[in-house]
Amino acid sequence: MTDTVPDNYRPEQVEAKWRARWAERGTNQPDLDRATRPFYNLMMFPYPSAEGLHVGNMFAFTGSDVYGRFKRLQGYDVFEPIGYDAFGIHSENYAIKVGLHPAELIPRNIANFRRQLERVGGMFDWRHALSTTDPSYYKWTQWIFLQLLKAGKAYKKKAAVNWCPFDKTVLANEQVEGGLCERCKTPVEQRFLEQWFFRITDYCDRLLANLDTLDWSDTTRTAQRNWLGRSEGAEILFAVAGGRTVGASAASTAQPPNRPIAGISVFTTRPDTLFGATFMVLAPEHPLVTRLTTPAQAAAVAAYIEAAASKDLVARKVGDRDKSGVPLGTMAVNPATGREIPIWIADYVLMEYGTGAIMAVPAHDERDFAFARKYGLEIVRVLSPERVDPASVPGNAALAAAETETAGYVLVNSGKFDGRTAEEAKRLITADLAAQGKGKPVVQFRLHDWCISRQRYWGPPIPVIYCDSCGPVPVPEKDLPVILPPIEDFRPDDSGISPLARHEEWYYVPCPTCGRRGRRETDVSDTFLDSAWYYLRYPSSEFDDRPFDPARTKKWCPVTTYIGGNEHAVLHLLYSRFLAMVLKDLGHIDFEEPFTRFRAHGLIVKDGSKMSKSRGNVVIPDEYIAQWGADTFRMYLMFLGPLQDGGDFREAGINGPRRFLDRVWLMVTEAEDGGELQKSLVVRWHATRKKAAEDIDGLRYNTAIAALMELVNAMKEAGSRDRAIIADLIVMLAPFAPHFAEECWERLGHTTSVFDARWPAWDEGLVVSEEIEVPVQIGGKTRAKIQLLRGSDEATALALAKGEPTVQKFLEGKTIRKIIYVQDRLLNLVIG
RNA sequence: GCGACCGUGGCGGAAUUGGUAUACGCGCCAGACUUAGGAUCUGGUCCCGCAAGGGGUGUCGGUUCGAGUCCGACCGGUCGCACCA
């Protein structure tokens, strides 16, 4: 090495030194009770896998950490906690695979995660680290369940659920992707089990409306909107032909046995097409099916129902879109036309949505069209393009495909509604039905209640005891936590019952009410319940007599800024919002939106696909950090592109940030006081203070780093080693390269942490130079550049421009037809 | 199929939101220092052209004094949702 190389900067030693000093000094531990400017900087806590954190995780955590450190330099009391989402099927399946117990495996993984998180230089307050598997944590997860149970927001019902035959557990709808288990990609089956549910659907309106008030990434808000799936329409009652229609609010189709059937209620978003409803379809599971089936059809119907039930959800929901169905043999009456129409069952109608029954309008719905074509059912068009003579419209039989458009269409074949636009007709027909007691406007959501039961071992036991005399009894709060008992064989079996049922000493327990022998609930709760409230626990993690201390919570919550992956856009984020609403309604907290500002980071891509364990392309950062140092590695990741875009991981380029830091180190060692500063350097200095601050605040770390590099380049060009500029540079570099900045800061003579310094203020008058270069265009093409004082007027600019030889050349023999002068920006001469 | 987003050098990416396209970095080329260089330093690096100049942000068209940016069509790609009535 030559004398120009800073051979005295050794990342490994320097970083270890500062890790130790931060711990000694408590640098990263804000006073949670006395903080005056609290800033809760949250990142999504990781699931502690056996492999350790990969580069994608590091990218996300560093991105969040940079933000927290920046806010600290702006004078906030930044609380940046971390924890482990360590319950759940992930951990359990891995444990099964390697033949170890998760209780043994998880602490080991956590220790490794902590080592990595410390090594990369996160500003974590380790006093408040938590794991969801710790009884002192899940005690309160169970407590939350009890609050919901008391409030009637938790209930048990037997329901068709998604059953993963590989993981041997129930999955929430959100965990089924295209009919496959999200984790193991096994086709999901339908099973009927008693399950615990949370009434998230009670909160649809609020969950939707509040989205408009949140400072969140648009993509995330859109995803939530789609997931909530609000649609406006009508519920319409179809009478059964020949059956006596009784009373009947449109809502109720379920009638006690042996009473006349009130009718069949359907939900539709297209009441305007009512006159075109030529048949009805019920879901095979619809409760009225048996009673509406004629003896002649009974055998065929029974066979169809059985086939549909055994058909796995892949085939039913995605796989074959081929419609199939069976007529029940009975007829219903179209309330608009009075005509009798056949009733069918078909598995393209789902029991979980709407009323589980539809009016089929083949002319204006693709699915109904396909079904009608297949079974030769009648097709009647009731919409026609506006301003077209209905007679010229192709006949019903000639229709090649369903016409689902509404814009520009008017009603035909619809009695007194003919000529109305589709939008008008939606309102008018619904109102008309309502007046007759045969329908009403209805808003439907796609969202279903949240099934939190899991027939597994590795989770918090649901705190309920079943007693033969008292029924289900909540475990008294004083008896919490219900400890997850250590059992040797925790593997799930095909029974649909949790392995916990095999642990008899645990399973049988006195009933809290009557004292007789009761049985514990053996299901554990969904991991998403653990993670739906962890942000509330962090500030209060040292209290074991309360889940979240009121004063702490008031000071620190809701979370100021949350950064995490968009893969949790609809699951974790929706559940957290729901739970916050419930807790607020129950008076436990005073806010209902947990995350004021949320930003989704991008994904790190390796070899063309997202870095993830399941794709087998993970890169563990440890060796890169060992080779280049954590600071260089952090800068490399943050320099790839905007945080919200992610980037391609490739080794090439990591030496760029290293070289940059080496140059800065050299400057620090050569820093000198005094000396006149070039004007342009002063401008660059102030401009950098401003640009870097704004870019970091907007998570554009790549351009913030570029600005710092430009400042260094400007200093080199000016031959300056000005101590004041260098000190600023170090402060601005600190969020990205914290250990490096501390070392430089100390070298510059400071005895306190660089994070006790403040981000340098900039003088707005100095961020732009007095003299600027303005392009002169002729006909929109740049022909020359002139030096102007900022704020010069058009006449000055024009005079100067006309003095330019190039400009003269182009103006020769031409007249200037128009002058466009944008002050301080450009001069454009349009010639004729 | 529906929805959202995106196409800029050899590569990652900039572009004050309609105003000098390619900042910053990687890579590459040349030179310097060196026993050596996968270190460091200096210079160069969109394309054609000796130059003047011309062309250029996926393609075609439009609006404008001026378009990477706005509008329309197309081509290509990424990510959600997906029989939701």
Side-chain angles (χ1 to χ4, degrees), chain A residues 1-7 177-179 218-220 222-223 225-227 229 231 233 266-270 273 281 316-323 346-350 352-361 365-368 370-371 404 444-448 566-567 569-570 602-603 605 608-610 635-636 639-642 645 647-657 659-660 662-663 666 691 694 700 702-710 712-713 716 768 773-785 806 809 817-820 822 824-831:
Chain A
M1 286 193 180
T2 69
D3 53 357
T4 55
V5 181
D7 60 348
E177 290 176 349
D218 282 339
T219 50
T220 313
T222 305
R225 264 186 215 108
N226 292 341
W227 195 262
S231 37
V266 303
F267 172 72
T268 179
T269 53
R270 297 294 306 278
T273 62
V281 185
R316 177 147 176 201
K317 279 201 162 162
V318 235
D320 85 87
R321 296 262 161 134
D322 220 18
K323 304 283 179 289
D347 64 6
Y348 78 92
V349 173
L350 310 172
E352 311 95 74
Y353 186 75
T355 62
I358 62 161
M359 65 176 206
V361 184
D365 181 278
E366 284 172 23
R367 296 150 301 178
D368 299 344
F371 194 79
T404 56
Q444 269 290 334
F445 285 88
R446 267 188 40 177
L447 187 75
H448 302 319
N566 223 1
E567 69 271 22
V570 288
L603 297 173
V605 164
S609 55
K610 170 194 169 182
M635 285 197 76
Y636 162 72
F639 194 53
L640 281 175
D645 289 2
D648 268 314
F649 183 81
R650 56 189 79 195
E651 217 173 318
I654 193 167
N655 51 337
R659 283 208 278 249
F660 172 68
D662 283 343
R663 277 181 213 131
L666 192 63
K691 180 167 174 55
E694 289 176 351
R700 296 181 298 271
N702 55 330
T703 49
I705 293 171
L708 300 180
M709 289 172 166
E710 285 179 84
V712 167
N713 291 346
K716 280 187 355 189
V768 285
E773 188 186 67
V774 170
V776 179
Q777 298 185 336
I778 292 168
K781 291 200 184 301
T782 302
R783 297 301 182 185
K785 286 161 188 178
T806 333
K809 195 178 104 192
R817 297 229 320 245
K818 196 171 177 185
I819 298 167
I820 291 118
V822 183
D824 303 336
R825 193 122 299 167
L826 96 162
L827 175 67
N828 187 11
L829 306 176
V830 184
I831 55 174

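Numbered from 1 within each chain, the chains take letters A, B, ... in sequence-line order.
Under 3.5 Å, the side chain of R659(A) and the base of U40(B) form no donor-acceptor pair of N or O atoms.
Contact between the side-chain N/O atoms of K818(A) and the OP1/OP2 oxygens of C65(B) is found at a separation under 4.0 Å. When the side-chain nitrogen and oxygen atoms of N713(A) are compared with OP1 and OP2 of G25(B), one or more of them lie within a distance under 4.0 Å. Dashed line: the shortest gap from a side-chain N or O of K809(A) to OP1 or OP2 of G53(B) is under 4.0 Å.
Across every strand in view, C50(B) sits unpaired, with no contact that passes the Watson-Crick or G-U test at under 3.5 angstrom. Remark: G27(B) base-pairs with U45(B). Criterion, Watson-Crick or G-U wobble with two distances under 3.5 Å. In a base pair of the Watson-Crick type (N1 to N3 plus N6-O4 or O6-N4) or a G-U wobble (N1-O2 and O6-N3), with each distance short of 3.5 Å, G56(B) is matched with no nucleotide. Under the Watson-Crick and G-U wobble criteria, each requiring two contacts below 3.5 Å, nucleotide U22(B) is left unpaired. Pairing for C33(B) is absent, judged as Watson-Crick or G-U wobble with the two contacts each under 3.5 Å. As the counterpart of G80(B), C2(B) is assigned, both hydrogen-bonding distances of the Watson-Crick or G-U wobble pattern falling under 3.5 Å.
If you measure from atom CG of N655(A) to atom C1' of G37(B), you get 14 Å, rounded to the nearest angstrom.
Rounded to whole Å, the separation between the P atoms of C71(B) and U63(B) comes to 15 Å. Atom name P, nucleotides C48(B) and U40(B): the rounded distance is 30 Å, in whole Å. With both ends at atom C1', the span from G25(B) to U59(B) equals 31 Å, rounded to whole Å.
Distances were taken from every side-chain heavy atom of I358(A) (C-beta onward) to each of A85(B), G13(B), U42(B); the shortest belongs to A85(B).
Residue contacts for K785(A): at a heavy-atom cut-off of 4.0 Å it reaches a base atom on one of the strands shown. Note on P657(A): nothing from the nucleic acid sits closer than 4.0 angstrom, heavy atoms only.
A donor-acceptor pair under 3.5 Å is absent between the side-chain atoms of N566(A) and the main chain of A569(A), judged by distance alone. The backbone N or O of G602(A) sits nowhere less than 3.5 Å from a side-chain atom of D645(A) that would complete a donor-acceptor pair.
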